[in-house]
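One structure is given below, encoded as structure tokens.
All heavy atoms count here, side chains included; hydrogens, waters and symmetry mates do not.
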Amino acid sequence: MKLHRPAKAFLSLALASMFAVSMVGCSSSKPAETTKPAEATKTEAKAEAPKPAEPAKPVKIGVFFSVTGGASSLGKGEMDTVKMLAEQINAKGGIKGAKIELVEVDDKSLETEAVLAVKKLIQEGVVGIVGGTTSGNTLAVIDTIQKEQMPFISAAASIAIVKPVKEWVFKTPQSDEQAIIKILEHTKAKGWTKLGWININNAYGDSGRAEFERLSKNYGVEIVASERYNPKDTDMTAQLTRIKGKNPQAVINWSTPPEASIVTRNFKQIGFSGPLYQSHGVANGAFLEQSGDAANGVILPAGYLLVADGLPDGPRKKVLVDYASQFKAKYGSDPNTFGGHAWDGFMMMVSAIENAGTDKAKIRDYLESGIKSFPGITGTFTMKKDDHMGLHNEDAFALIEIKGGKWTLLSK
């Protein structure tokens with residue numbers, strides 16, 4: 001059949017339209033590749049990049065010391081020490097990337113303020129506490145520490161702080177028991193068996209007295225006189241005169257400055273011929289300043305920090321000398337052994353957090369079982385379940401004599 005021209009044209013147009021539609025269908029099923037602009041590629045890559053990690057949450061460590069009040073000659077150096085250490089640790093990145101947030105409280109040398117300080121620190125959410133400049137202030141907070149299950153390292157000396165052992169309580173200073181033994185070993189070597197005793201009427205003084213009375217019989221000592229005086233007393237001549245009347249071969253005083261300095265001056269003023277022993281509670285510059293020339297000849301047990309330059313080279317000397325030089329560079333004065341007690345407690349707490357994390361129970365457990373041969377300012381510490389001090393007699397004390405207003409290692 002022949003098609004007329006108009007029909008032919010129509011058929012051609014229809015076939016062309018069908019071909020065009022089929023081509024469009026093929027095109028839509030497989031779109032042609034296009035090149036993305038460079039800016040779009042960069043934006044996409046930026047969106048897909050991993051987000052930077054959030055900074056670690058700061059670790060709160062609580063500290064309370066007697067920065068003001070009667071024990072400030074001890075406590076200020078303690079607070080300065082922990083502030084210096086926190087700055088040094090944070091400058092190096094903190095504890096596993098978490099900065100230390102130091103929460104500081106001054107207990108003003110008062111037991112009631114110490115209790116309030118600990119409660120405030122707990123409310124602030126600290127994971128551990130270092131502090132307690134004096135034995136009285138430390139003993140006053142123990143019930144709260146135990147009840148709240150807060151890891152606590154004390155900077156005070158009384159053996160009653162850790163004996164009997166309290167689950168959450170540790171301490172770094174040498175005990176009065178160790179100090180008394182050091183003195184009695186010396187008096188025995190000298191052949192002095194008739195001793196006089198005097199102490200301040202507070203927790204520290206009475207703890208020393210109890211240890212002296214308990215241990216003296218083991219060394220063949222007769223206590224020929226025993227006296228007390230009160231905190232803030234300004235003259236102990238009457239007590240010392242009564243002791244002198246009993247003719248002791250040596251006298252032991254148990255207190256801290258300023259009262260210990262008053263006893264020292266009064267001792268010289270009434271003309272005692274024998275030596276005066278002081279406790280490790282006088283091992284700071286304030287005692288030398290307040291006692292003046294009367295301090296010369298005083299004998300005391302104290303940490304090796306006071307005579308670090310005279311020690312043989314080694315790791316122990318390095319720890320002591322580094323602390324002394326860093327403290328003096330920052331504060332312009334020499335540290336004392338009390339600052340050393342704070343150094344020990346703070347660095348042990350940091351070590352526990354670094355190894356056990358911020359869970360309080362795990363920190364406590366690490367302090368008890370993980371502190372092994374820890375090189376401190378006061379000595380080398382190894383804590384145990386039945387020993388929350390971890391210092392041993394042979395490492396704890398040097399016997400020191402004051403000569404020319406300076407600390408010197410007693411030769412014999």
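Remark: R214 engages E211 in a salt bridge, criterion side-chain N to carboxylate O under 4.0 Å. With respect to the salt-bridge test (charged N to carboxylate O, under 4.0 angstrom), the residues E259 and K232 do not qualify. With respect to the salt-bridge test (charged N to carboxylate O, under 4.0 angstrom), the residues E87 and K330 qualify. For E368 and R364, the salt-bridge test passes: some basic side-chain N is under 4.0 Å from an acidic carboxylate O. Between D80 and K76 a salt bridge is recorded (basic side-chain N to carboxylate O distance below 4.0 Å). A salt bridge between R242 and E227 is present, with a side-chain N of the basic residue lying under 4.0 Å from a carboxylate O of the acidic one. A salt bridge between D313 and K318 is absent, with no side-chain N of the basic residue lying under 4.0 Å from a carboxylate O of the acidic one.
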(Q) Show, in sequence, the C-alpha distance, side-chain angles and deciding distance for T144 and V115, and conclude whether the side chain to side chain contact (heavy atoms under 4.5 Å, CB included) test is met. (A) CA-CA 8 Å; T144 302; V115 174; 4.3 Å; yes
Would you check, one step at a time, whether the test side chain to side chain contact (heavy atoms under 4.5 Å, CB included) holds for F212 with D176?
-> CA-CA 9 Å; F212 178 62; D176 34 22; over 6 Å; no
Stepwise side chain to side chain contact (heavy atoms under 4.5 Å, CB included) test for M79 and V63: CA-CA 8 Å; M79 187 69 83; V63 293; 3.9 Å; yes
Evaluation steps, side chain to side chain donor-acceptor pair (under 3.5 Å), between S279 and Y204:
CA-CA 10 Å; S279 76; Y204 178 65; 2.8 Å; yes
Review point. For N266 and Q269, what are the C-alpha separation, side-chain angles and deciding distance, and is it a side chain to side chain donor-acceptor pair (under 3.5 Å)?
Key: CA-CA 5 Å; N266 291 162; Q269 288 165 359; 3.0 Å; yes
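Of the possible polar contacts, none joining the N230 side chain to the D233 backbone as a donor-acceptor pair under 3.5 Å is found. In this structure, the side chain of T380 does not engage the main chain of F374 through any donor-acceptor pair within 3.5 Å. Between the side chain of S325 and the backbone N or O of D322 there is at least one donor-acceptor pair closer than 3.5 Å. Looking only at distances, a side-chain donor or acceptor of T138 sits under 3.5 Å from a matching main-chain atom of T134. In this structure, N199 contributes its side chain and R228 its backbone to no donor-acceptor pair below 3.5 Å. No donor-acceptor pair under 3.5 Å is formed between the side chain of S261 and the backbone N or O of P257. Panel note: side chain D344, backbone I377; a donor-acceptor pair is recorded below 3.5 Å. A donor-acceptor contact shorter than 3.5 Å links the side chain of K60 to the backbone of E124. Formation of a donor-acceptor pair under 3.5 Å by the S109 side chain with backbone atoms of T68 is found in this model. With hydrogens and angles ignored, the 3.5 Å screen pairs no side-chain donor or acceptor of N355 with any backbone N or O of G370.
In terms of heavy-atom proximity, N137 sits nearest to S66 at ND2-OG, 3.8 Å. When all heavy atoms are compared, the tightest approach of P151 to L367 is CB-CD1, 4.3 Å. Between V350 and I89, the closest heavy-atom pair is CG2-CD1, 3.9 Å. Heavy-atom minimum distance, F346 versus A86: CE2-N, 4.0 Å. Considering every non-hydrogen atom in both I161 and S154, the closest pair reads CD1-OG, 3.9 Å. Annotation for F338 and V282: closest pair CZ-N, 4.4 Å, computed over non-hydrogen atoms.
Of the inter-residue distances, the one linking L195 atom CG with I183 atom CD1 reads 9.5 Å to the nearest 0.5 angstrom. Atom CG of residue N336 and atom OG of residue S73 lie 7.5 Å apart, to the nearest 0.5 angstrom.
Side-chain contact check for E167 and Q149: no donor-acceptor pair (N or O, by modelled atom type) lies under 3.5 Å. E78 and T133 form a side-chain donor-acceptor contact under 3.5 Å, judged by distance and modelled atom types alone. S158 and S135 are not linked by any side-chain donor-acceptor pair at a separation below 3.5 angstrom, with hydrogens and angles left out of the test. Inspection of the T378 and H341 side chains reveals an N or O donor paired with an N or O acceptor under 3.5 Å.
Ring geometry, F267 versus F272: the interplanar angle falls under 30°, so the pair is classed parallel (tilted spans 30 to 60°). Between F170 and H388, the ring planes are parallel. Angles under 30° get that label, and only those over 60° would be called perpendicular. Aromatic ring pairs are classed by plane angle as parallel below 30°, tilted from 30° to 60° and perpendicular above 60°; the pair H280 and F397 is perpendicular. The aromatic rings of F327 and Y323 sit perpendicular, their planes meeting at an angle over 60°, well past the 30° parallel limit.
Side-chain rings of W168 and F152 stay apart, their centers remaining 6.0 Å or farther from each other.
With a 6.0 Å radius and a threshold of 12 heavy atoms from other residues, nucleotides or ligands, D293 has its CG atom at or below the threshold. For K372, the NZ atom counts as densely surrounded, since its 6.0 Å shell holds more than 12 non-hydrogen atoms of other residues, nucleotides or ligands. Counted within 6.0 Å of NZ on K268, heavy atoms from surrounding residues, nucleotides or ligands total more than 12; the atom is thus considered enclosed. Within a 6.0 Å sphere centred on NZ of K194, heavy atoms belonging to other residues, nucleotides or ligands number 12 at most.
Put simply, the residue from D235, N253, N201 that forms a side chain to side chain donor-acceptor pair (under 3.5 Å) with Y229 is N253. Of the candidates R209, Q239, K246, E213, R209 is the only one forming a side chain to side chain donor-acceptor pair (under 3.5 Å) with S226.
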